Amino acid sequence: MNFPPDLKYTKDHEWIRLEGSEAYVGITEFAQRELGDIVYIDINTVGQEVPQNEVFGTVEAVKTVSDLFMPVTGTILEINSLLDSAPELVNQDPYGDGWMVKVSVSSVSDIETLLSAEEYKAQVGF
């Protein structure tokens, strides 16, 4: 299982990659494996500021629907349009083409409250 060290993680299995004051957010490889085959991503919060730890959308798998939680307070700038026609990208490449949203981070210090790759790996038992 892959735990990229350049990312930060939430206890709810989201990852975030900070690039200046913007960031990409998705779900971890562990999360997508637990969910199974992902069939639909529902995010309708573009242009909205979403507080840290609040729901910004849902991911639907064959057997369940799961909330997506914002790792940091930020305004959603963009949804990964590739996921409209190919939600399975989250299963195939959760840290690459399977990213979910691009956000403008309100407070970069929120990042400090998140888990490192090693801390997340320990949390999920690897």
Side-chain angles (χ1 to χ4, degrees):
M1 188 154 314
N2 191 10
F3 301 92
D6 60 322
L7 305 178
K8 290 291 197 169
Y9 301 85
T10 69
K11 292 178 179 167
D12 294 309
H13 313 291
E14 286 82 21
W15 59 262
I16 184 167
R17 181 177 62 244
L18 190 62
E19 295 182 0
S21 63
E22 296 180 345
Y24 289 87
V25 175
I27 64 170
T28 65
E29 183 176 352
F30 177 84
Q32 66 82 19
R33 284 188 181 189
E34 292 291 304
L35 288 167
D37 291 338
I38 293 172
V39 295
Y40 185 67
I41 311 291
D42 183 20
I43 301 170
N44 58 7
T45 48
V46 171
Q48 297 178 25
E49 182 174 84
V50 180
Q52 186 176 29
N53 301 319
E54 293 296 317
V55 174
F56 70 88
T58 58
V59 58
E60 184 176 335
V62 173
K63 297 180 183 177
T64 188
V65 175
S66 184
D67 288 334
L68 298 166
F69 295 95
M70 185 60 67
V72 297
T73 299
T75 300
I76 298 188
L77 302 173
E78 179 183 345
I79 297 170
N80 183 350
S81 61
L82 295 175
L83 300 181
D84 288 342
S85 60
E88 66 276 5
L89 285 172
V90 176
N91 293 113
Q92 296 164 359
D93 189 13
Y95 303 116
D97 287 341
W99 64 272
M100 295 185 172
V101 293
K102 181 179 180 181
V103 301
S104 173
V105 178
S106 298
S107 176
V108 176
S109 63
D110 285 353
I111 296 282
E112 296 166 14
T113 66
L114 302 175
L115 303 171
S116 69
E118 285 304 312
E119 290 166 331
Y120 180 71
K121 189 175 178 181
Q123 179 194 302
V124 296
F126 280 86

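Given the structure is predicted, the values throughout are model-derived calculations rather than measurements.
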side-chain contact (heavy atoms from CB on, under 4.5 Å) partner of Met100, chosen from Asn80, Ile41, Ile79: Ile41
Any chance you could measure Lys8, atom NZ, to Ser116, atom OG, to the nearest 0.5 Å? 6.0 Å
Side-chain donor or acceptor of Glu54 paired with backbone N/O of Pro51 under 3.5 Å: no
Please tell me if the side chains of Leu115 and Thr10 come closer than 4.5 Å, counting only heavy atoms from C-beta onward. no
Distance (rounded to the nearest 0.5 Å) between Glu22 CD and Lys102 NZ: 4.5 Å
Would you call Glu19 and Arg17 a salt bridge, using N to O less than 4.0 angstrom? yes
In terms of ring plane angle, is the pair Tyr9 and Tyr95 parallel, tilted or perpendicular, where the classes change at 30° and 60°? perpendicular
Nearest 0.5 Å, please: how far is CG in Asp110 from OG1 in Thr73? 4.5 Å
May I ask you to decide if Ile38's main-chain N or O and Asn91's side chain share a donor-acceptor pair within less than 3.5 Å? yes
Do Asp97 and Gln92 come within less than 4.5 Å of each other through their side chains, counting heavy atoms only? no
Supply the atom-to-atom distance Thr58 OG1 to Asp67 CG, rounded to the nearest 0.5 angstrom. 7.0 Å
In terms of hydrophobic clustering (I, L, V, M, F, W, Y; side-chain heavy atoms under 4.5 Å; direct or indirect links), are Leu7 and Leu68 co-clustered? no
Value for CD (Gln52) from OG1 (Thr113), rounded to nearest 0.5 Å, stands at 4.0 Å
Same hydrophobic cluster for Leu114 and Trp15, using side-chain heavy-atom links shorter than 4.5 Å among ILVMFWY? no
Interatomic distance, CG@Asp12 vs CE@Met70, rounded to 0.5 Å, equals 12.5 Å
Do Tyr40 and Val101 share a hydrophobic cluster, counting only Ile, Leu, Val, Met, Phe, Trp and Tyr and linking them when any side-chain heavy atoms are less than 4.5 Å apart? no
Can you say whether the rings of Phe3 and Phe126 are parallel (under 30°), tilted (30 to 60°) or perpendicular (over 60°)? tilted
Give a yes or no answer on whether the side chain of Thr45 reaches the backbone of Phe56 with a donor-acceptor pair at less than 3.5 Å. yes
Quick one: does Val124's side chain get under 4.5 Å of His13's, heavy atoms only? yes
Evaluate the side-chain proximity of Ile27 to Val90: yes if any heavy-atom separation is below 4.5 Å, no if none is. yes
Is there a path of hydrophobic side-chain contacts, each under 4.5 Å between heavy atoms, that joins Val65 and Val39? no
side-chain contact (heavy atoms from CB on, under 4.5 Å) evaluation trace for Val46 with Leu77: CA-CA 6 Å; Val46 171; Leu77 302 173; over 6 Å; no
If you apply the rule side-chain hydrogen bond (donor to acceptor under 3.5 Å, both in side chains), what do you find for Thr75 with Gln48, and how did you get there? CA-CA 5 Å; Thr75 300; Gln48 297 178 25; over 6 Å; no
Is there side-chain contact between Val72 and Ile111, with heavy atoms separated by less than 4.5 Å? yes
Trp99 ring center near Tyr24 ring center (under 6.0 Å): yes
Looking only at heavy atoms, what is the nearest atom pair of Gly74 and Ser106, with distance? CA-OG, 3.7 Å
Check the hydrophobic clustering (I, L, V, M, F, W, Y; side-chain heavy atoms under 4.5 Å; chains of links allowed) and say if Val105 and Ile76 are grouped together. yes
Hey, are Asn2 and Glu29 close enough side-chain-wise for a donor-acceptor pair under 3.5 Å? no
Apart from Val55 itself, what residues make up its hydrophobic cluster when side-chain heavy atoms of I, L, V, M, F, W and Y under 4.5 Å apart count as a link, directly or indirectly? Phe69
Can you see which heavy atom on Pro4 is nearest to which on Ala117, and at what distance? O-CB, 3.7 Å
